[in-house]
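Quick notes on the structure that follows.
Read the numbers this way: they start at 1 and go in the same order the structure lists the ligands and their atoms.
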Amino acid sequence: MFVDTHAHLDFESFDDDRDAVIQRAIENKLSAIITIGTSLETSKHAIRFAENYASIYAAVGIHPSDCAEAGENDYLEIEKLAANEKVIAIGEIGLDYYRMYTDKETQKSAFKKQIAIARKVQLPLIVHTRESQEDCIKILNEEKAGDVSGVLHSFSGSMEILEKALATNFYISYTGGITFKNSTTDELVANTPVERMLLETDSPFITPVPFRGKRNEPSYVVHTAKKIAEIKGISVEKLAEITTENARHLFGLTI
Ligand SMILES: [Zn+2]
């Protein structure tokens, strides 16, 4: 059984067939899906889906690309939403210097505020970092995020960054991007212990081969898992078993 630890089931590309997508996931041996908020509004949607399906859990948080519009009240609301029993993490939060929709200082401040919330409510973090890994890891360390742990999702970067990331007590997850011909992440995957790894799709984005170019969905997590298992030289079943146990442990899933 697999866990897709990162999907955006509320996105409108699922509006026409969301139930079928979730059904396919169950048929393809997914025991749980974590659907992720990126703003106050989408965090509320995530909770709604989690309340409707036993195997769906929610993460609530304000994404670095959405934090320009967020006011103090949004953070207070996120903290309140975190009390819902289907909310298992604060995220996704972090820094995005690639899109840079908001200046670095605003992103850093939003990131720190939400690490503080996670520490207060004792939930792990789901962290997005793109072209910002140095600053991200520095803030995780300064704000003692390792106390609640979490995951660095859709991970990329250098071997040096991977070493620093592993030292933070966080888990690492890779998306379908690792199945691409031009993927540069094989070495990172090879050097990430399976005991510190999670599986994710980041649906509806970053669709793995053989569906590259189409909309991504949680059931495709198996294709990413196959590639990771191949790099690690273990069976897909073994990888599924260990990463599912990791997700259970980190997020306290009751599956
Ligand atoms: Zn995401």
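Its N, O or S atom nearest to the Zn ion (ligand 1) is what matters here, and for E92 that atom is OE2. Summary: OD1 is the N/O/S atom of D202 found nearest to the Zn ion (ligand 1). Summary: NE2 is the N/O/S atom of H6 found nearest to the Zn ion (ligand 1).
Using a cutoff of 4.0 Å between basic side-chain nitrogens and carboxylate oxygens, R48 and E51 are not scored as salt-bridged.
Applying the side-chain contact (heavy atoms from CB on, under 4.5 Å) test between I206 and each of F180, Y174, Y220 identifies F180 as the sole match.
At a threshold of 2.8 Å, the Zn ion (ligand 1) has a backbone or side-chain N, O or S atom of H8 nearer than that distance.
Between H153 and H6, the ring planes lie parallel to each other; the angle is under 30°, not in the 30° to 60° tilted range.
Cation-pi geometry between R196 and F170 is not satisfied (NZ or CZ under 6.0 Å from the ring centre, within 45° of the ring normal).
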